Amino acid sequence: ENIKVAVRVRPLFTKEIDRGDKECVDCDIASSQVIVRGEAGAPYMWTFDYVFNKTFMQNDIFLQVVHPMIESTMDGFNSTIFAYGQSGSGKTHTMTGVLGDEKMEGIIPRSFHYIFDRIKSAPSTTTWRVFCSFLELYNGKCRDLLCEQQISLAIREAADKSFFVQDLQIQECKFETELFLRMEEGTDRRLVGETDLNAHSSRSHSLFTVWLEKTEQSEDGDCKVVTSKLNLVDLAGSERQSKTNAVGDRLKEGANINLSLSALGTVIDSIVKAKGHIPFRSSPLTMLLKDSLGGGSKTAMFANIRPSDVDISETVSTLRFADRAKQIKNKPKIQLDPKDAKIAELMEEIEELKHRLKKYEGDGGGEEEQEQEDESPQMQERIEALELEVEQANTALQRLQMEQTEAKASAQRTQEESEGKISNLEEQVLQMQQEKDLVGQQLADEKSQHHEMQSLILDFIRDLRAKDDGLAQEDFNAENYNVNAVSQMLDKVLTRVQTGLGGVDKSVVHQQVAEELGGQRKKFEELEKERGRQHQEEVDRISALNEQAQTALNQAMNRLVKMKEKIEKEKAKSQEMAEQFKRQEAEMESKHSTEVANLRSVVSDLEDQLQKQKNMTMELSMAQGSNRADALRKSFERSVKMDGSFSSHRDMMAPRPPTTSSQDEGNLSRKSTPSSISMKGSMRAERADPELMKPTAEELELRKKASAMKQDYESQKA
């Protein structure tokens with residue numbers, strides 16, 4: 001089937017309307033035609049599979065174009081959907097849209113919703129597994145958008161001549177939310193930039209792939225595994241520097257984008273024209289889209305265009321590209337498991353042979369019966385061999401299924417054990433948390449009792465000081481006290497008790513003080529031990545953290561030192577190369593100056609020789625003319641001296657001149673002077689001898705040499 005092509009025309013932006021742009025694109029929805037009106041001549045007209053103008057919503061486009069593609073993907077076919085067009089024509093809006101907005105969501109999020117809705121409604125005998133990957137092609141390099149560390153990945157060729165990205169992360173998504181999280185994570189890492197055509201222009205091609213693995217279990221226990229994938233491609237827009245006004249990195253990005261899109265156009269042209277060699281290797285983009293262009297995949301293309309008359313050339317170019325693309329024929333096939341595919345192929349061959357065998361078993365005569373008898377045993381042997389292969393393949397498949405079941409059971413047991421361990425650890429953590437809370441409560445109670453005991457002791461000391469004048473004179477601050485101060489004060493109280501207090505029982509006071517003092521000292525010792533233990537633990541923890549930090553710092557310093565050394569080496573190498581380049585440039589300049597001087601000298605010598613040759617030729621010509629003039633003058637003088645008969649005979653034979661005035665006679669006499677006759681004779685002699693003015697062979701050789709030297713000089717100078 002051919003690639004399906006849909007054209008989408010976005011409305012004019014406010015900026016374009018304010019600028020005075022006019023719409024030059026008309027859409028005939030009934031006949032699926034796009035008409036582009038130019039400034040002069042007949043309008044351009046194309047017919048495509050689908051045509052959408054600004055009245056169509058995102059859901060309309062999904063239901064008409066994308067929904068059948070996803071149905072095919074769920075049935076086992078590989079599918080590819082990609083958007084192509086000028087920068088700012090709405091490709092990303094078509095593919096992604098506005099996440100979270102039900103009306104504005106694009107093709108990709110709607111595809112996620114539909115896939116998981118189908119999985120939820122699947123029968124119990126069918127199980128699904130969903131995987132995804134997300135990559136971008138930036139400046140001709142492939143990068144994994146699901147990996148935090150952005151490094152370039154290599155594109156390799158598989159045994160079946162297809163291409164794959166080495167070390168690309170393929171993550172399983174059990175829920176729809178996980179698929180959206182992976183997409184948002186990769187979208188945040190994708191490079192975008194601002195140009196005059198688009199404030200959020202994509203600076204790279206992106207490829208989001210959803211892998212679907214469907215396992216169907218029949219009633220007899222056999223399993224059929226079908227694996228398919230859905231490629232969702234958002235191409236960066238083609239752009240012209242004169243319209244984007246890009247500079248620096250933006251200009252380089254635009255050049256690489258145009259280069260990859262040009263390679264894609266070349267591949268499409270080669271496929272359409274059925275050329276022998278198709279240059280898929282010319283670009284990473286064409287390598288990854290090889291299966292989608294003339295391969296075994298179903299493909300749909302969105303051609304996004306701008307309606308403004310300012311962008312008519314880009315619009316026509318995009319529609320011509322889409323017109324060529326729709327001529328490509330793909331050969332979609334269900335992506336079965338290799339063993340299932342082999343079994344299906346053998347079963348088809350068996351059925352075909354059985355059908356042929358039934359034909360030969362019918363009545364016939366003569367040669368046909370003989371051919372049947374000759375071919376039937378061979379066909380029977382072939383059928384038996386194929387049935388044996390099918391049986392062996394089924395046995396191998398059952399063995400693999402048993403191994404897979406055992407592996408699943410082992411994985412289930414491991415998972416249960418891990419979950420049990422995790423549960424035990426969670427219980428231990430909870431128990432330790434409870435113990436921690438209990439110890440904290442006990443410490444709080446002890447602190448409360450400690451404060452209460454301190455208050456009792458202070459009240460007791462205040463009562464004693466009020467009853468005894470000796471204690472009242474002692475310096476004791478009840479508001480700012482410590483253990484030593486209280487102990488000293490109690491010692492003084494005991495001393496006073498021993499000497500006698502008025503109205504106080506010594507034994508009672510002594511007993512009370514001893515009990516209070518012992519209890520307080522015991523409690524203070526325990527508190528001090530606890531504080532010391534906690535302090536030591538904190539010191540040990542901080543020491544360990546310091547050691548880890550110091551180790552990490554040392555490693556970082558070592559890496560920095562190595563990087564610095566590498567940078568210094570690169571810098572020294574660059575300086576050395578720069579100096580070498582300067583030396584070579586100086587040598588070339590000196591050599592060039594020397595050659596130019598030599599050429600100028602040679603040209604000057606040649607011009608001097610040529611001038612001398614011309615002078616010699618002219619002198620020779622003048623000398624020959626003078627000699628001939630002298631000879632003619634002498635001949636004329638001899639003729640004047642001849643006898644009268646010759647003169648009268650000449651007068652009779654000569655025509656009579658017309659009557660002239662005196663002025664004409666003077667002119668005639670001046671014309672008949674010997675010098676004028678000699679000059680005329682010289683001129684006639686020169687005309688009579690054309691070989692005299694021809695350049696000699698040596699002069700021609702010198703001219704050729706001078707011309708060649710001048711050309712060489714000009715080329716050296718350039």
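Given the structure is predicted, the values throughout are model-derived calculations rather than measurements.
- Although no hydrogens or angles enter the test, the distance criterion places a donor-acceptor pair under 3.5 Å between the side chain of T299 and the main chain of S292.
- Here L135 contributes atom CG and R190 contributes atom CZ; the two are 10.5 Å apart, rounded to the nearest 0.5 Å.
- A side-chain donor-acceptor contact under 3.5 Å links N78 to the backbone of K229.
- Atoms CG and CG, on L293 and L288 in that order, are 11.0 Å from each other to the nearest 0.5 Å.
- Scanning for side chain to side chain contact (heavy atoms under 4.5 Å, CB included) contacts around S283 gives S260, A263, L285, T286, with sequence neighbours left out.
- The backbone N or O of A236 sits less than 3.5 Å from a side-chain atom of H205, completing a donor-acceptor pair.
- Atom CD1 of I17 is separated from atom NZ of K22 by 13.5 Å, given to the nearest 0.5 angstrom.
- Under the side chain to side chain contact (heavy atoms under 4.5 Å, CB included) criterion, S152 pairs with K141, sequence neighbours left out.
- F208 pairs in a ring-ring contact (aromatic ring centres under 6.0 Å, His included) with only one of the listed residues (F131, F180, F112, F82), which is F112.
- In this structure, N231 contributes its side chain and T209 its backbone to no donor-acceptor pair below 3.5 Å.
- Counted within 6.0 Å of CD on E102, heavy atoms from surrounding residues, nucleotides or ligands total 12 or fewer; the atom is thus considered open.
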Review point. Given M301 and F48, is the side-chain contact (heavy atoms from CB on, under 4.5 Å) satisfied, shown in steps?
Key: CA-CA 11 Å; M301 170 190 169; F48 296 100; over 6 Å; no
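- Within the model, atoms CG of L264 and CD1 of I268 stand 4.5 Å from one another, a figure rounded to the nearest 0.5 Å.
- Residue pairs satisfying the salt bridge (charged side-chain N to carboxylate O under 4.0 Å, His left out) criterion with at least one member in residues 167-179, sequence neighbours excluded, are listed as follows: R129-E172.
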Practice item. Check step by step if side-chain contact (heavy atoms from CB on, under 4.5 Å) holds for E314 and R306. Key: CA-CA 8 Å; E314 288 82 359; R306 300 157 64 106; over 6 Å; no
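- In terms of modelled atom types and a separation under 3.5 Å, the side chain of N2 and the main chain of K326 share a donor-acceptor contact.
- Under the 4.0 Å criterion applied to side-chain N and carboxylate O atoms, R110 and E105 are not assigned as salt-bridge partners.
- Under the 3.5 Å distance criterion, the side-chain polar atoms of S270 are matched with a main-chain donor or acceptor of T266.
- Looking only at distances, no side-chain donor or acceptor of K298 sits under 3.5 Å from a matching main-chain atom of P68.
- When the shell of 6.0 Å around CD of E184 is examined, it contains more than 12 heavy atoms from other residues, nucleotides or ligands.
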Point to revise | Stepwise side-chain contact (heavy atoms from CB on, under 4.5 Å) check, I107 with T94 | key: CA-CA 6 Å; I107 291 172; T94 300; 3.8 Å; yes
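- Side chain of K290 to main chain of K161: a donor-acceptor pair is present (N/O by atom type, distance under 3.5 Å, no hydrogens or angles).
- Here the CE atom belonging to M104 is positioned 11.5 Å from the CG atom belonging to L99, to the nearest 0.5 angstrom.
- Between the side chain of D311 and the main chain of S308, no donor-acceptor pair closer than 3.5 Å is present.
- Salt bridge K91/D234: absent, no basic N to carboxylate O contact under 4.0 Å.
- A322 approaches A303 most closely through the heavy-atom pair CB-CB, 3.9 Å.
- Residues R37 and D26 are paired through a salt bridge, judged by an N-O separation under 4.0 Å between the basic side chain and the carboxylate.
- Taking the six-membered ring where the residue is Trp, F56 and F52 present perpendicular rings, their angle passing 60° and hence far from 30°.
- A donor-acceptor pair under 3.5 Å is formed between the side chain of S121 and the backbone N or O of R118.
- Going from atom NZ of K15 over to atom CG of D18 covers 10.5 Å, rounded to the nearest 0.5 Å.
- A cation-pi contact, defined as under 6.0 Å to the ring centre and within 45° of the axis, is absent between K4 and Y50.
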